[in-house]
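Predicted model only: the values in this text are computed from it and were never measured. Computed from heavy atoms alone, side chains included, the values below leave out hydrogens, waters and symmetry copies.
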Amino acid sequence: MQFILISTTLMVLITIGTGIFMIYNNMEESKKRLKKALRTNLFVFLPLLAAAIITLVPGAINAETASASAASGMGFIAAALSTGLAAIGTGYAVAVVGASALGAVSEDSRILGKTLIFVGLAEGIAIYGLIVSILILGRL
């Protein structure tokens with residue numbers, strides 16, 4: 001576990017140092033070097049992150065008290081997924097609808113009120129996810 005933490009810390013420090021080095025040496029023009037550095041960081045950091053998750057998460061699960069049952073655990077996961085996925089869907093919907101609304105308002109400023117309604121409807125997805133989570137947590 002200490003190896004993973006030390007390796008991850010070193011990787012983050014090397015990444016920050018490389019970024020500072022590239023900024024001070026005006027290497028912004030060479031996109032190939034930047035892509036290579038980013039690719040190297042991803043190929044080193046992602047396996048370290050996966051190893052950290054694999055080794056540290058079971059320890060965190062074992063730290064949980066024995067009173068929680070498997071059914072309640074699945075309920076908590078379902079509540080978390082409903083909120084999280086609803087938030088992701090809301091973000092995507094607001095991004096698409098908001099960009100379209102801005103484009104439409106730039107052509108005709110009289111439809112501003114109508115476009116706000118559509119953006120509000122997209123935001124309602126998050127509220128539905130939250131309500132479902134509350135209902136799931138209420139049954140546990």
Can you measure from [atom1] ([X]) to [atom2] ([Y]) and round to the nearest 0.5 angstrom?
X	Y	atom1	atom2	result
Ile134	Arg139	CD1	CZ	15.5 Å
Ser82	Ile77	OG	CD1	12.0 Å
Leu81	Met74	CG	CE	9.0 Å
Ile14	Thr40	CD1	OG1	11.5 Å
Thr90	Ile125	OG1	CD1	5.0 Å
Glu123	Leu116	CD	CG	9.5 Å

### Query
For the residue pair Gly98 and Val119, what are the closest heavy atoms and their distance?
CA-CG2, 4.1 Å
### Message
Tell me the closest heavy-atom pair linking Ala79 and Ser133, and the distance in Å.
### Response
O-OG, 2.8 Å
### Query
Do Thr115 and Leu112 come close enough that some side-chain heavy atom pair is under 4.5 Å?
yes
### Query
Within the distance-only criterion (no hydrogens, no angle test), does the side chain of Ser109 pair as donor or acceptor with the backbone N or O of Val105 below 3.5 angstrom?
no
#### Entry: Residues that, via side-chain heavy atoms closer than 4.5 angstrom, fall in one hydrophobic cluster with Ile111
none
### Task
Look at the side-chain heavy atoms of Ile, Leu, Val, Met, Phe, Trp and Tyr, link any pair under 4.5 Å apart, and say whether Leu135 and Ile127 land in one connected group.
yes
### Shared hydrophobic cluster for Leu121 and Val97 (ILVMFWY, side-chain gaps under 4.5 Å)
yes
### Message
Determine whether Ile136 and Phe76 satisfy the following criterion, side-chain contact (heavy atoms from CB on, under 4.5 Å), listing intermediate values before the conclusion.
### Response
CA-CA 8 Å; Ile136 290 171; Phe76 289 133; over 6 Å; no
